[in-house]
Every structure is written in structure tokens, then in C-alpha cells.
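Notes follow once the structure below has been shown.
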Amino acid sequence: MVCRFSTRLLNICISSFCKVQQLEKAEAVVIDGKRLGYLPDVVTYNTLIAAYCRFVGIDAAYSVLHRMREAGISPDVITYNSLIAGATRYWLLSRCLDLFEEMLQAGILPNVWSYNTLMHCFFKSGRPEEANRIFQDIILNNLSPIQSTFNIMINGLCKAGYTDNALMLFRNLHRHGFLPQIVTYNIVINGLCRLGRLGEARRILKELKESGHVPNVITYTTVMKCCFRSGKFKQGLEIFSEMKNKGYTFDAFAYCTVSSALIKRGMMKEANDCMEEMIRTGIGFDLVSYNTLINLYCKEGKLETALQLLDEIEKVGIEIDEYTHTILVDGLCKSGDIEGAQRHLKHMNMMGFQSNLVAYNCLIQGLCKVGQMDYATKVFEMMELKDSFTYSSMVHNLCKERRFHSASQIMLSCIRSGKKILTSAQRAVLAGLRSSGFRREAKKLRSEIRMAMILNS
DNA sequence: TTAGGGTTAG
């Protein structure tokens with residue numbers, strides 16, 4: 001009895017350290033506990049696995065699983081749920097599915113959280129139809145959905161571009177016997193803010209307050225980000241200041257948001273001050289904080305310092321992600337080291353990063369900037385996945401080189417594929433054709449654009 | 001134990 005009570009205390013202590021990202025201290029408690037005769041149990045290992053997934057990486061979490069098995073403790077449904085959530089965090093869909101299968105093979109019955117996590121994983125991997133199938137299974141097969149089931153669904157729908165369906169589900173929550181939680185409100189506000197639907201977001205924020213909830217740190221960060229995104233820079237900074245007064249700047253989120261907004265506006269000194277303030281406050285650095293700092297160094301032209309920081313991240317044991325790589329590819333391009341950027345992109349591909357679209361867009365920009373337009377065209381043609389950025393960059397840069405016919409072809413293929421192109425890019429092509437004596441072609445292009453838009457609507 | 005906020009390209 002005494003031992004069980006102490007192990008429970010031990011686990012509470014470990015959990016507290018894990019929550020504030022102090023994994024070394026959590027491990028030290030495990031060691032001390034063992035020395036005193038209190039052996040770690042399944043809760044101890046589950047807590048550590050969840051923390052390693054969150055703050056370090058999936059491989060580190062697997063080594064805890066290995067230690068757990070060596071200690072003769074069998075993983076349970078919570079262990080698997082944590083690992084599946086960890087794999088989701090790192091975009092490893094096939095690993096999620098393997099883990100789910102492994103759990104079934106081990107005779108462990110999945111609970112509603114296992115399904116929730118799998119649903120989240122499908123959404124994150126860009127497979128909303130499969131996520132919806134799981135959601136329907138949960139509802140129709142009476143697998144006792146919980147509030148989180150709906151939160152994950154609403155969030156997934158928003159992120160997958162089905163914001164209006166998400167809003168419908170949000171409005172119909174009561175039919176399933178639930179009321180929106182603060183989390184639900186935050187999800188919907190964020191979904192609307194991302195689309196620039198500020199008026200509706202404001203209305204939901206009003207509803208949140210009227211329903212007796214108090215906006216929390218996440219509501220604040222969401223609204224602040226929304227201000228920066230919609231050009232209301234001063235208002236964003238005012239929210240940051242209010243957050244400080246309320247004690248809502250206890251983690252890295254607000255600092256990273258503000259620093260990045262300052263970097264985008266070229267306010268490097270202020271961005272530096274912001275990150276330094278975060279360091280002074282004693283907030284631990286996670287991957288996003290490191291990425292923000294690397295971006296700051298890159299934009300200041302301090303490539304060496306940025307690369308030194310990479311070593312530091314490696315020493316801490318954090319696995320870098322596609323953001324880190326993309327920031328470096330962009331930094332290398334902007335410093336004129338195109339070969340270095342290409343090498344890095346190749347390395348990124350070899351590492352199996354599939355979300356490399358932004359990195360390729362950076363390379364195209366970099367090549368255009370150093371006048372290698374033909375090479376940029378080759379890269380453009382080779383790219384399997386392209387977005388509005390890719391097309392707009394190509395069109396703008398071709399126009400700069402007065403290659404208006406090539407620009408008009410690329411612009412048309414963009415519009416025909418249903419993607420938007422910057423209005424400024426459209427104007428540049430049309431004006432370029434006209435000014436270089438191709439008035440008839442410009443007129444024809446205008447009607448082709450109109451036709452493509454009608455066919456896509 | 002799990003869900004919501006922060007980091008990249010014009």
C-alpha cells in the first residue's frame with residue numbers, strides 16, 4: 001500500500017516535470033525512485049512516452065517503450081494512443097496505422113481516444129474522407145463519442161478547408177448532447193481567422209463570453225495572430241502587451257508569434273529583443289522557438305550562427321522538421337548560395353520529408369533572383385506539387401525578364417487548375433503584352449482567363 | 001495519455 005502510494009506520488013512528480021518540458025528532471029525522479037525501491041509502473045512510462053513524443057521526437061518515445069518492455073511492463077491502450085498521437089505529430093500516417101494494427105494484434109481493445117487520434121491523424125495527413133468515415137463509425141456504431149471527438153472533427157474540417165461544414169457541426173453540437181467548450185470556441189475562431197472572416201470570428205468570441213467562458217491564453221494567441229495576418233499590426237502588439245499583463249506569456253507561443261511578425265516587417269532589432277525577453281523569462285526552447293530564432297538569424301544574414309544553432313538542437317536531442325529545413329533553404333537562397341540550398345533540399349528529400357513545397361518555392365525565388373530563369377523553369381516543370389506561390393513567383397519573374405508569352409502560359413495553367421494567382425501577376429502579364437505590342441494576344445488572354453474562371457466556378 | 005494557439009515562400 002505504501003509502495004503504491006509512493007509510486008503514485010512519484011508519477012505526479014514526473015508528470016509535473018514533463019508538463020514543463022523538464023524531461024531530464026523527470027528521468028532523475030525515475031532513477032531516485034528506483035533507488036528508494038519504488039519501481040516505475042505503466043503510468044510512469046506512459047507519461048514519459050507522451051512527453052518524449054511531444055517535446056523530443058518519436059524515436060525517443062520508442063526508446064522509452066523499449067525500456068518499458070525490458071522492465072517487464074506491458075504497454076496498454078494509453079501507451080499506444082500516446083504513440084499514435086506522437087506519430088501524428090510528426091506526420092507519420094503509415095506509422096499510425098501500423099501502431100493501430102499492432103495494438104489490435106496485442107489484444108488491446110482500442111477506446112474512443114484511439115479512434116479520435118486516428119481521425120486526427122487522417123485529417124493531418126490530408127485524408128479528410130477517411131477521418132470522416134471514422135467519425136461516422138463512432139457516431140453510428142455508438143462508440144460513445146466524447147466532446148473531444150467533435151472538437152477534433154470540427155478542427156479537422158476547418159483545417160481541410162470545410163469551415164462551413166465545421167460551423168454547421170458546431171451549431172448542431174447540442175443535438176449530440178454537448179455544449180461547446182472553450183476549446184471548441186477557440187477552434188472555430190481560429191478557423192474563421194485563418195480565412196480572414198474576422199466579423200464572424202468576432203461574433204463567436206462574443207458568444208464565448210456570453211456563454212460564461214473566459215477567453216484563455218489560446219484565444220488571445222489566436223486573435224493576436226489574426227491581427228498580424230490581416231495587417232492590424234499595432235492591434236496585435238496591443239494584445240501582446242495585454243497578454244503580458246494577464247500573465248499569459250508563460251510559454252513560447254506568444255513570443256514566437258510576435259517575433260515572426262516583427263521579422264516579416266523587417267523589424268530585426270525588435271524581433272531580437274522579443275526573443276531575448278523570452279530567454280530572460282526562462283521559457284524553455286522547443287522546436288518552434290528554435291525555428292523562429294534560426295529564421296531570425298537567416299534573415300539577418302547570420303547563416304553561420306543559424307547553423308551553429310542546428311548543432312545545439314541536435315545536442316538537446318530535438319528532431320528538426322520541414323520548417324527548419326525550409327527556413328535554411330530560404331536562408332541559403334537569400335544569401336546567394338543556391339548550390340548550398342539545392343544540397344539542403346536534396347538532403348531534405350533523402351530524409352523523407354514530403355512537405356517540401358515551400359522549400360522548392362524558395363529555390364525558385366532564389367534562382368530567379370540570381371537570374372537563372374531557365375533553371376527556375378526546369379525546377380518548376382519538375383515539381384509534382386505546385387501552389388499559388390509557385391505560379392505567382394514564376395509569372396512575376398518571367399514578366400521581369402519580359403518573357404510575357406511564357407508567363408501567360410503558366411498563368412493560364414494556374415487558373416485552369418483551379419488555383420488563384422496574384423492579381424498583380426495577372427496585371428503584369430496583360431500590361432506587359434500590351435506594352436510590347438501584343439494587344440491582340442492580351443485581349444485573347446483576358447477572355448481565356450474569364451473562360452477558365454467560369455469553368456472553375 | 002489524448003483535442004485548440006506559435007515557426008517557412010511572393
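In what follows, chains are A, B, ... by sequence order, proteins preceding strands, each numbered from 1.
Among the heavy atoms of the strands lying under 4.0 Å from A:Ser260 are primed sugar atoms or P, OP1, OP2 only; no base atom is included. A:Gln181 comes within 4.0 angstrom of a base, heavy atoms only. Heavy atoms of A:Ile182 sit under 4.0 angstrom from at least one base atom. Nucleic acid contact class of A:Asn151 (heavy atoms, under 4.0 Å, all strands): base. Residue contacts shown for A:His120 are limited to sugar-phosphate atoms, with no base heavy atom under 4.0 Å away. Residue contacts for A:Lys299: at a heavy-atom cut-off of 4.0 Å it reaches the sugar-phosphate backbone alone, with no base atom in range. The residue A:Val77 sits apart from the nucleic acid: no heavy atom pair falls under 4.0 Å. At a threshold of 4.0 angstrom between heavy atoms, the contacts of A:Thr219 with the nucleic acid are absent. Residue contacts for A:Ala50: at a heavy-atom cut-off of 4.0 Å it reaches the sugar-phosphate backbone alone, with no base atom in range. Within the 4.0 angstrom heavy-atom criterion, base atoms lie near A:Ser388. Looking at heavy-atom distances under 4.0 Å, A:Leu422 makes contact with a base.
Of the N and O atoms on the side chains of A:Asn216 and A:Asn186, at least one donor lies less than 3.5 Å from an acceptor on the other residue. Side-chain contact check for A:Asn151 and A:Asn116: no donor-acceptor pair (N or O, by modelled atom type) lies under 3.5 Å. Between the side chains of A:Asn295 and A:Asp330, no donor-acceptor pair of N or O atoms lies under 3.5 Å.
Once you apply a 4.0 Å limit to the heavy atoms of chain A, the touched nucleotides of DNA chain B run 5' to 3' over B:dT1 to B:dG10.
In this structure a side-chain-to-backbone donor-acceptor pair under 3.5 Å is missing from A:Ser392 to A:Phe389. Checking side-chain atoms of A:Asp321 against main-chain N and O of A:Thr324 turns up a donor-acceptor pair under 3.5 Å. Counting only distance, with no hydrogens or angles, the side chain of A:Ser259 and the backbone of A:Cys274 share no donor-acceptor pair below 3.5 Å. At least one donor-acceptor pair closer than 3.5 Å links the side chain of A:Lys124 to the backbone N or O of A:Arg89. Side chain of A:Asn132 to main chain of A:Pro128: no donor-acceptor pair is present (N/O by atom type, distance under 3.5 Å, no hydrogens or angles).
Near DNA chain B, meaning a heavy atom under 4.0 Å from it, residues 202-213 of chain A has no residue at all. Less than 4.0 Å separates DNA chain B from at least one heavy atom of each of the following residues of residues 153-167 of chain A: A:Asn155, A:Lys159.
The side chain to side chain contact (heavy atoms under 4.5 Å, CB included) test applied to A:Ala85 returns A:Thr117, not counting sequence neighbours. The salt bridge (charged side-chain N to carboxylate O under 4.0 Å, His left out) test applied to A:Lys419 returns no partner, not counting sequence neighbours. The ring pair (Phe, Tyr, Trp, His ring centres under 6.0 Å) test applied to A:Tyr248 returns A:Tyr220, not counting sequence neighbours.
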